[in-house]
Amino acid sequence: VKEKTKNGFEFYTPEINQNLQRKVTLQKQLRMALENNEFELNFQPQLDLEHERISGVEALVRWNNKEFGYIPPSEFIPLAEETNLILPLGKWIMREACRQNKKWQEQGFPPLTIAVNVSMKQFNEYNFVESVSQILSETKLNPQYLELEITEGIAIMDHSITIKKLHALKNLGVKISIDDFGTGYSSFGYLQKYPINILKIDKSFISGIATNKENAAIVQCILSLAQHLNLKVVAEGVETKADLEFLLGTTCKYAQGYYVGYPMTTEKFERKLLSLKQS
Ligand code: C2E
Ligand code: CA
Ligand code: CA
Ligand code: CA
């Protein structure tokens, strides 16, 4: 590595070179990670505020590597996108999430909706809808319990193919949500045009909402918009009791965040479900 620095990358500052090295090595590790079973899913509960019960769960991928330890998705998902590895990885995540959700139902837990993050490249793959359909029949999960989280970046692409795909997904019976709503674009046209069911308000608007008047105004505005368009709203980033109490005074019906529950392993999540069942 040092020799390379001297000979090959002289024009880079050491810091940039180090970042580049890490990136290249991570990408190499990433290619073997699926085969080596290095990925797992964590599950973060979503609270139904009206009925005071857990009604859904978001699947979040985790990567533990022998050499690098824990690498956050914010670092490796972009790398996986660059290398197209997101395609097999995305399928693995979708299958694993559906399989696990079906298993919980078979174990007798009250049925939950599982939300799966879909990256742009994954969504744009020509056979994305078929692969979702295939995974649903393989795992025998009722499509009504699967929710696909897409970003505004996908939704705003005004391509006939995008619209067709979203309708095909709707026809499969799965739900579509817009992740990080409010951070991307200020165009709402697509909300009317596309078959979208859920808005997930970005955490930057929610944490500290009780004392932040600007954020409170933005959230009230989104809630009113959602009500008129008949969309469900999930507030993300509920970190404190005060955040939750503020939401209880609004029309928002679903909350997700550290105060409700951290993303957790399967075992921990099951324990949480069990503890709630008994109380
Ligand atoms: P996201 O989809 O917006 O996921 C929510 C992120 O916020 C998660 O970070 C979660 O741990 C974190 N979070 C949850 N509650 C709170 C809270 O109360 N406060 C704060 N500050 N943060 C909270 P995570 O797991 O590190 O994921 C980061 C991003 O990486 C995700 O953002 C998503 O864009 C991407 N990602 C994660 N898992 C997957 C996946 O399976 N597939 C794809 N394509 N992307 C994923
Ligand atoms: Ca998400
Ligand atoms: Ca989000
Ligand atoms: Ca995100």
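Ligands are counted one by one from 1 in listed order, and the atoms in each one are counted from 1 as well. If you're wondering where the values come from, they're calculated on a predicted model, not measured in any experiment.
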Margin query: Counting only heavy atoms, tell me which of A59, P73, S207 gets closest to atom 26 (O) of ligand 1.
Written below: P73
Next item on the list: Start with the C-alpha gap between Q44 and Y258, add the side-chain angles, then the distance that decides, and say whether side chain to side chain donor-acceptor pair (under 3.5 Å) holds.
Entry: CA-CA 9 Å; Q44 186 176 35; Y258 296 161; over 6 Å; no
Notebook entry, point to check: What atoms in ligand 1 come closer than 4.0 Å to a heavy atom of Q44?
Noted result: 14 (C), 15 (N)
Note to self: Within the supplied structure, the quantity of interest is the number of heavy atoms (other residues, nucleotides, ligands) at a distance under 6.0 Å from Q192 CD; does it exceed 12?
What the structure shows: no
Next item on the list: Among the N/O/S atoms of D179, select the one at the shortest distance from the Ca ion (ligand 2) and name it.
Entry: OD2
Notebook entry, point to check: Any chance the side chains of Q105 and Y145 put a donor and an acceptor closer than 3.5 Å?
Noted result: no
Check: Counting backbone and side-chain atoms alike, does E149 have an N/O/S atom under 3.0 Å from the Ca ion (ligand 3)?
Finding: no
Check: Hey, which atoms in ligand 1 end up nearer than 4.0 Å to a heavy atom of E58?
Finding: 2 (O), 4 (O)
Next item on the list: Determine which pairs satisfy salt bridge (charged side-chain N to carboxylate O under 4.0 Å, His left out) with at least one residue from residues 134-149, sequence neighbours left out, and list them in order.
Entry: R95-E138, E149-K200
Note to self: Just to be sure I read this right, does ligand 1 sit under 4.0 Å from the backbone of N42, its side chain, both, or neither, counting only heavy atoms?
What the structure shows: neither
Notebook entry, point to check: Any salt bridge (charged side-chain N to carboxylate O under 4.0 Å, His left out) pairs touching residues 30-52, not counting sequence neighbours?
Noted result: D48-R53
Check: Taking atom NZ of K232 as the centre, does the number of heavy atoms from other residues, nucleotides or ligands within less than 6.0 Å exceed 12?
Finding: yes
Notebook entry, point to check: Under a 4.0 Å N-O cut-off, is there an ion pair linking K121 with E82?
Noted result: no
Check: Applying a strict 4.0 Å limit to heavy atoms, is G237 in contact with ligand 1?
Finding: yes
Checklist line | N or O pair under 3.5 Å between Q122 and ligand 1 | finding: no
Margin query: Take a 6.0 Å sphere around CG of N230 and say whether it holds more than 12 heavy atoms from other residues, nucleotides or ligands.
Written below: no
Note to self: Only to 10 degrees, please: what angle do the OE2 atom of E236 and the OD1 atom of D180 make about the Ca ion (ligand 3)?
What the structure shows: 160°
Margin query: If only side-chain N and O atoms count, and only distance matters, is there a donor-acceptor pair under 3.5 Å linking S119 with E81?
Written below: yes
Next item on the list: Just give me the atom name: the N, O or S atom of E58 closest to the Ca ion (ligand 2).
Entry: OE2
Item checked: Residues K103 and E106 bridged, charged N to O under 4.0 Å -> no
Check: Any chance the side chains of Q46 and E58 put a donor and an acceptor closer than 3.5 Å?
Finding: no
Next item on the list: State whether the shortest distance between N or O atoms of I86 and N or O atoms of ligand 1 falls below 3.5 angstrom.
Entry: no
Notebook entry, point to check: In terms of atom number and element, which parts of ligand 1 are under 4.0 angstrom from non-hydrogen atoms of D180?
Noted result: 3 (O)
Notebook entry, point to check: Near P263, which atoms of ligand 1 are under 4.0 Å from a heavy atom of that residue?
Noted result: 11 (O)
Check: Based purely on interatomic distance, does E149 place a nitrogen or oxygen under 3.5 Å from a nitrogen or oxygen of ligand 1?
Finding: no
Next item on the list: Heavy-atom distances under 4.0 Å are what count here, so tell me which part of K200 touches ligand 1: side chain, backbone, both or neither.
Entry: neither
Next item on the list: Ignoring hydrogens, just give me the one of D202, T240, I93, N117 whose non-hydrogen atom is nearest atom 44 (N) of ligand 1.
Entry: N117
Check: Side chain, backbone, both or neither: which part of Q256 comes within less than 4.0 Å of ligand 1 when only heavy atoms are counted?
Finding: neither
